[in-house]
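To start, the structure itself, in structure tokens.
All values derive from a computational prediction rather than experimental measurement. Residue numbering restarts at 1 for every chain, and letters A, B, ... go by the order of the sequence lines.
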There are 4 protein chains.
Amino acid sequence: MANYMDSVDKIEKKKYISEKTLELISKKGLANFTMEDVAVACNVSKGSLYNYFKNKNALIVAAFTALMEKMLHFFEEKTSDSTSDCLEKSADIYTQIYSEILSSFPSSDLLRLLEILLNSTHDPSMMQSLTKTFKDYYNKILSNFEKIFKSKSSALMLQAMFDGLVIYKAFGVEISDEEIQENVRKIVLCLAK
Amino acid sequence: MANYMDSVDKIEKKKYISEKTLELISKKGLANFTMEDVAVACNVSKGSLYNYFKNKNALIVAAFTALMEKMLHFFEEKTSDSTSDCLEKSADIYTQIYSEILSSFPSSDLLRLLEILLNSTHDPSMMQSLTKTFKDYYNKILSNFEKIFKSKSSALMLQAMFDGLVIYKAFGVEISDEEIQENVRKIVLCLAK
Amino acid sequence: MANYMDSVDKIEKKKYISEKTLELISKKGLANFTMEDVAVACNVSKGSLYNYFKNKNALIVAAFTALMEKMLHFFEEKTSDSTSDCLEKSADIYTQIYSEILSSFPSSDLLRLLEILLNSTHDPSMMQSLTKTFKDYYNKILSNFEKIFKSKSSALMLQAMFDGLVIYKAFGVEISDEEIQENVRKIVLCLAK
Amino acid sequence: MANYMDSVDKIEKKKYISEKTLELISKKGLANFTMEDVAVACNVSKGSLYNYFKNKNALIVAAFTALMEKMLHFFEEKTSDSTSDCLEKSADIYTQIYSEILSSFPSSDLLRLLEILLNSTHDPSMMQSLTKTFKDYYNKILSNFEKIFKSKSSALMLQAMFDGLVIYKAFGVEISDEEIQENVRKIVLCLAK
DNA sequence: CATGAATGAGCATTCATTCAT
DNA sequence: GATGAATGAATGCTCATTCAT
């Protein structure tokens, strides 16, 4: 029981550290946050971090997982009450969800997600860990959209479009929201046909 | 004239260094390549690099520009002979181009592009430089697609989708190429309506 | 208590490093000593120095403080037993102290003090730190002479003269010690009037 | 004649470079000015500087000489019309000169002089060059004051006091100008007795 | 003589990781 | 388990000096 409690504690503490790390990565950037930063933010000694995570990369992977979890919750919340058999209605619902997400979604999270992902490109073992988590969570997120579309690839492609647009927006490509919404609606309808 | 020759030389050497740097970033990663690496790759002393670029960031910006140039050429080549007034034909052409690109495009280039872009997120001055270049080139790339669609936002959204899919693919999300092509065709047609 | 011990240790180690640094500055010069030199002299890794001092400048400030401390002790020792109400006697005592100091004082210390001070001229934050320390210690040193003169400005001006003469001597201006002593005596008497 | 003209040109150019260097040292500090800075300020290529001066140290020595020249002119101007046989009048004149100097003298010049001098401490050959120049010019400066005092050591000691006070002032030691003037007058009179 | 590109030794600083307590 | 001092390899950047043109 002491053991049980301890291990629970340890898991919770790992989670706590992961989330603080995620905050730090968001604030300072993947390339600029230090183990020292994490230790201070968690009110823990630098050495202690190594009792919870093998090394900095393991900590990044954990933070990445926390990020995916956060995203999953966000999308689940948005898509929970939105199933419909009627095509037109589905299109409306999706377009609406999409609009909401595009306006409310903390795009910095997506940016961070990609930042971590892309930085792993040159470290095979790192990339492997992240890829696994990424696929798992993205499949879950997409499965929620499948409910609307009844087609996996459609959901996937719209999600891809969504990601691309968020990036473009972040880096200054100008887009008219109205035109996009109109097009999204068209696409949803035509893909469902 | 000596001046003219010199400045031409200098510009060419800058370009040469930029391209070597791009290779290095691709091979070792943005976070892992060093000025030493660049110097060795260019067969030049480390100090000399600083006669051409103010600092490492300036060099990265130059490499990024070289990358955008490379991408522009790639897309221009693919889209050069592809205008048509007939809608169906346009759809076919775009779908075909898209397929070609998706199969032949060195997706690592896009990954690299995004890696550089996203890493700049926490350095305002860096981000500013990159954003400017990014917008300029992306507009040029998109303008080629506009010729096919006669609509800017459509081209933009398809390009966004394209980018998103390349990322997904790189990180292991499984996609059926046939389904995607079918959907692309549908979307092109419906957007053109 | 562990904390207390630690902080005492840390303070002592800082002092130790400061003094070694001062030695190095004296030996190699402010412009020529390196952090590497300090690390080797202290039998410590270069990185460790940065656990004690934020940067090289902070270390220089600490060394400067150690130097002022050393000077203060020197002057206090010389002036400790030298109060008198009789004017003539005061003049004798001061003249004697002055002679002793001029012959025994390690003028290189004063040279070092000024070297550090003057080099800070172009670094405002550095100058601020040094100026504060300088004023504090010089006031203490002067206050010992005030006891002899009962006048602050007199002490100050004689001290200034002393500093100037030490510099002149160091740089080869020839001075007759006897004449100087005679003049000092005159000045002390006339200032006291 | 071409040769003659050239050598005149060369001497003048050296002087020009020396003075520009002095300006740079004043502006950026001895430790921070670069050969590049000098080249730019003189509108000359970096390589050319080495046709005029063997190395950076030689340039510093030349700048130092230019500084001493400047100081000499300053003092000569101030002391030119100030000889008198009457003691009281001499005291008045000296006190007045002293006041003028203390208020009008660009103390940064003296600071610079000492900065250069003290930084040479650890480079024997450098120190030798500077010391020689320093002694020569200081003797000339002092000889002007001797005219007032008819005593070399008196002039020397007052000058030393002056230098010391300028330093103190620069580094924040507070001094009452009135008290100083009063004391100077006393000292001048007593030393002349 | 003038140039300025090239050099390369040199240095401050950072930071993940370790380990004795 | 927790700590934090110590480490030391790694790296961006500077700058006096040289030399081919």
- Between F:dA16 (P) and D:I60 (CD1): distance, integer Å: 9 Å
- Looking at A:S45, does any N or O in its side chain come under 4.0 Å of the phosphate oxygens OP1/OP2 on F:dG4? no
- Item | Main-chain N/O of B:A63 paired to B:E19 side chain as donor or acceptor, under 3.5 Å | no
- Message: What is the separation between atom CG on D:D37 and atom P on E:dG4, rounded to the nearest whole Å?
- Response: 16 Å
- Item | Length of the CZ-P vector between A:F53 and F:dA2, whole Å | 12 Å
- Message: Rounding to an integer number of Å, can you tell me how far D:Y52 OH sits from E:dC1 P?
- Response: 7 Å
- Note on the structure: Which of F:dG12, F:dT7, F:dA16 is nearest the side chain of C:V44? It is F:dT7
- Task: Is it possible for you to check whether C:K27 lies under 6.0 Å from the centre of the six-membered ring of C:F33, through NZ or CZ, and within 45° of that ring's axis?
- Result: no
- Residues A:F64, A:L117; criterion side-chain contact (heavy atoms from CB on, under 4.5 Å); working and verdict: CA-CA 9 Å; A:F64 181 79; A:L117 222 42; 3.6 Å; yes
- Item | Whole angstrom value for the distance that separates P of E:dT7 from CG of B:N43 | 8 Å
- Query: Taking NZ from C:K56 and C1' from E:dC11, how many angstroms apart are they, rounded to a whole number?
  - Reply: 8 Å
- Return yes if a side-chain donor-acceptor contact under 3.5 Å exists between C:D37 and C:T34, otherwise no. yes
- Message: Please classify the nucleic acid contact of A:T34 as base, sugar-phosphate, or nothing, using heavy-atom distances under 4.0 Å.
- Response: sugar-phosphate
- Message: Does the structure show a Watson-Crick or G-U wobble partner for E:dA20, both distances under 3.5 Å? Name it, or say none.
- Response: F:dT3
- Task: Compute whether any side-chain donor of one residue and acceptor of the other, for D:T21 and D:S18, lie under 3.5 angstrom apart.
- Result: no
- Closest nucleotide of DNA chain E for B:N51 versus for C:N32: which of these residues is on the 5' side? B:N51
- Using whole Å, report how far CE of A:M35 lies from P of E:dC15. 13 Å
- Query: For E:dC11, what is the paired nucleotide under Watson-Crick or G-U wobble rules, both distances under 3.5 Å?
  - Reply: F:dG12
- Item | Nucleotide E:dA16, atom P - distance to CG of A:N57 in whole Å | 11 Å
- Would you kindly compare A:L49 and D:K46 by the position of their nearest DNA chain F nucleotide and give the one closer to the 5′ end? A:L49
- Nearest to side-chain heavy atoms of C:Y50, which nucleotide of E:dC15, E:dG8, E:dA12: E:dA12
